[in-house]
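All chains are named by letter (A, B, ...) in the order of the sequence lines, taking the proteins before the strands, and each is independently numbered beginning at 1.
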Amino acid sequence: MDVVLDSLPELGKAFTYTALLFLVSAVFSLILGTILVAMRVGPVAILRAIGTLYVNLVRNTPLLMVFFFFSFAGPIIGLKFHFVDIHIGQFDFTSFFTVAVISMSLYTATFICESLRSGINSVPLGQAEAGRAVGMTFGQVMGNVVLPQAFRASVPPTVSALIAMAKNTSVAAVFGVAEATSQMASMTNDHAPDRWAIFTAFAIGYIVIVEILSFIAMFFERRWRAA
Amino acid sequence: MSTSVLFDVPGPRTRARHRIYSVVSILVIIAAVAFAGWRLYAEGQFEYRLWEPFLTPFYIAAIGEAWFQTVSMAVLAILGALVVGVVFGVGKLSDHAFVRWPCWLVVEFFRAIPVIMLMILCFYTVFGGLDIYQAAFMACVLGLTIYNGAVLAEIFRAGVLAVPKGQAEAAYALGMGKTQVMTFILLPQAVKIMIPAIISQCVVALKDTSLILIVTGVGLTRVAKTMPQEFHNMVPTTIVITLLYVITNLVLTGLAKLAQKRLVGEKKPLEIGATSMVDEADGLAAR
């Protein structure tokens with residue numbers, strides 16, 4: 001137990017990396033997921049096909065292999081990120097961090113895409129038809145009728161995808177990012193008798209992150225339920 | 001195109017516009033593929049020497065064995081997880097608070113932490129005495145069993161709750177006890193609803209077997225790590241191993257879809273959120 005208390009600063013630093021990795025990747029995967037869903041539900045057949053191919057291919061690839069590609073195979077064919085070399089305080093954001101953000105964004109975007117799509121699919125066809133029947137323009141139907149409903153319906157699955165990503169930040173530990181799981185692995189190695197205490201401390205850290213996210217999801221659901 | 005909630009049937013001008021979009025996107029895609037191909041070619045990644053191991057019977061057999069090892073890790077984990085899932089899923093539905101709350105706590109705890117952490121813990125504590133590859137194999141299976149068990153517990157609970165209420169009420173009216181109602185009436189019907197979700201969970205488990213790479217590679221990830229050391233063919237190895245994962249998962253996804261159609265029909269597949277709070281939010285959204 002003393003080991004955990006003594007290394008609280010390291011623990012805090014590790015979880016800061018995890019949180020930063022999560023936040024940056026969340027932004028990129030939401031943007032990319034939105035582009036993907038626009039392709040998948042859009043009217044252009046070729047873009048639909050590309051979107052579907054991408055989602056099915058990446059969703060069925062282990063995240064670890066995506067990391068593997070960008071960490072080891074990418075540099076061989078000239079996909080290098082060594083130009084990223086930012087140091088803020090005691091935090092370093094180098095090519096390792098960049099590879100982690102890219103891999104996680106590309107991977108999670110497929111799940112975001114699918115949850116947004118399920119939101120759109122949950123809007124009954126009659127809603128749009130009724131909108132058109134009372135003379136609304138395309139923009140009005142979208143902005144006032146279809147998208148608000150679709151957005152609300154897609155919040156729970158999207159948050160689930162983001163929670164899964166928060167846990168997936170741990171994969172970056174395998175590829176040299178000093179986030180929480182990598183810190184846990186090295187501490188587990190160094191302090192054999194305290195393995196259970198170390199595990200519990202880091203588990204609680206992840207649980208806090210996950211529960212914060214679920215709480216946000218529930219808050220918005222509660223708020224929008226009446227509408 | 002089937003009628004969508006988003007668009008009207010396009011008129012001639014819109015169709016012409018869509019044709020332009022199609023042509024532009026095809027050009028972009030061709031350019032992207034050509035660029036990727038050119039990069040691979042420029043770095044000599046198409047050389048026969050790099051791909052030779054994947055055509056050599058000896059290495060094909062080794063990769064097949066590795067694939068089998070990966071699949072068996074996933075299968076063993078899911079089998080174990082089914083047992084854990086039934087116990088805790090039924091436990092969460094118990095009428096007794098002293099059974100329900102511990103089950104809830106365990107399920108929530110293991111659902112919220114990364115599998116890698118479980119694998120690391122199992123590797124060092126439970127299987128610390130074994131040979132490294134054996135320990136890694138077992139740690140991977142045990143870690144996945146615990147994690148997927150927690151997820152399956154939620155799926156079981158959702159499945160039991162999805163059985164129409166009248167079924168249990170009718171059984172109680174016939175004088176069945178609680179255990180009888182659960183084992184003879186609710187679980188058999190719930191399993192039917194759950195099978196597609198369970199197969200989908202197999203895909204998750206199969207992908208997660210790769211995570212044991214944090215201690216050492218087992219199965220396909222071991223090939224992905226060792227093959228390039230010998231042949232310097234990192235790019236071809238990554239492509240081949242990834243494709244093996246993708247194809248296996250696509251087969252499983254196909255099975256899940258088939259099972260959904262055969263056993264459940266057109267109803268929405270069971271979906272559970274990442275925590276019970278999200279589940280609750282989802283329930284609110286459906287209302």
Side-chain angles (χ1 to χ4, degrees), chain A residues 41 43-47 50 56-57 60-65 68-69 72-73 76-78 120 123-125 127-128 132 138 142 146 152-153 155-157 159-160 163-164 167-171 173-174 181 184-185 188-189 192 195-196 199 202-203 206-207 210-211 214-215 217-218 221-222 225, chain B residues 1 3-8 10 14 18 21-22 25-26 29 36 39-40 42-43 45 108-109 112-117 120-121 124-125 203 206-211 213-214 221 224 228 234-235 237-239 241-242 245-246 249-250 253 271 273-278 280-282 284-285 287:
Chain A
V41 299
V44 183
I46 180 83
L47 290 180
I50 297 289
N56 281 332
L57 191 69
N60 286 303
T61 307
L63 174 59
L64 188 119
M65 289 313 289
F68 209 87
F69 178 80
F72 304 138
I76 297 176
I77 54 169
I120 292 171
V123 181
L125 191 58
Q127 294 282 325
R132 284 174 205 139
F138 176 74
M142 280 293 123
V146 174
R152 284 170 198 195
V155 167
V159 171
S160 286
I163 289 176
K167 292 189 280 175
N168 278 337
T169 53
S170 58
V171 180
V174 187
T181 300
M184 180 219 160
T188 308
N189 236 335
R195 276 164 186 162
W196 290 94
F199 172 79
F202 281 93
Y206 276 104
I207 288 171
V210 167
E211 292 304 325
S214 340
F215 187 76
M218 200 169 74
E221 275 309 325
R222 284 263 156 87
R225 180 168 40 148
Chain B
M1 188 189 159
T3 38
S4 150
V5 67
L6 296 175
F7 305 106
D8 270 323
T14 315
H18 289 171
Y21 292 155
S22 301
S25 35
I26 287 173
I29 291 154
R39 282 309 311 166
L40 286 170
E43 300 296 336
Q45 294 301 326
E108 285 300 297
F109 181 83
I113 60 172
V115 201
I116 294 201
M117 279 180 62
I120 296 171
L121 183 77
Y124 285 111
T125 56
V203 175
L206 191 83
K207 287 196 292 182
D208 284 351
T209 54
S210 63
L211 299 178
L213 186 67
I214 191 153
T221 45
M234 184 51 90
V235 179
T237 306
T238 310
I239 293 172
I241 297 294
T242 304
Y245 275 113
V246 171
N249 282 332
L250 282 176
T253 312
E271 268 170 15
T275 67
S276 59
M277 266 203 262
V278 180
E280 202 188 316
D282 217 352
L284 294 175
R287 230 170 277 156

Heavy-atom pair of closest approach, residues B:I120 and A:A185: CD1-CB, 3.8 Å
Listed partners of B:T237 passing side-chain hydrogen bond (donor to acceptor under 3.5 Å, both in side chains), at least two apart: B:N233
Part of A:T61 lying under 4.5 Å from any heavy atom of chain B: both
Chain A interface, residue from B:N249, B:V203, B:T242 that has the most non-hydrogen pairs under 4.5 Å: B:N249
Partner residues of A:Y206 under the side-chain hydrogen bond (donor to acceptor under 3.5 Å, both in side chains) criterion, sequence neighbours left out: A:E179, A:T181
Residue, of B:H18, B:K207, B:Q45, that accumulates the most heavy atom pairs under 4.5 Å with chain A: B:K207
Contact class of B:A224 relative to chain A, heavy atoms under 4.5 angstrom: both
Chain A contacts, top residue of B:D208, B:L121, B:I113, B:T238 (heavy-atom pairs, under 4.5 Å): B:L121
From B:S25 atom OG to A:L47 atom CG, the distance as rounded to the nearest 0.5 Å: 4.0 Å
Minimum heavy-atom distance between B:V235 and A:A73, given as atom pair plus value: CG2-O, 3.7 Å
Residue B:L206 versus chain A: region with a heavy atom under 4.5 Å: neither
Which atom of A:F72 lies closest to which atom of B:M234, heavy atoms considered: CB-CE, 3.5 Å
Most contacts with chain A, counted as non-hydrogen pairs under 4.5 angstrom, among B:T125, B:T221, B:T209: B:T125
Heavy-atom closest contact (B:R39 atom, A:I77 atom, distance): NE-O, 3.0 Å
Contacting region of A:F138 [heavy-atom separation from chain B under 4.5 Å]: side chain
Reference residue A:L64; test side chain to side chain contact (heavy atoms under 4.5 Å, CB included); the match among B:I214, B:I116, B:L211: B:L211
Side chain, backbone, both or neither of A:L63 within contact of chain B (heavy atoms, under 4.5 Å): neither
Side chain proximity check, B:L213 to A:F68, heavy atoms < 4.5 angstrom: yes
Reported CG-to-OH distance for the pair A:N189 and B:Y124, which is rounded to 0.5 angstrom: 3.5 Å
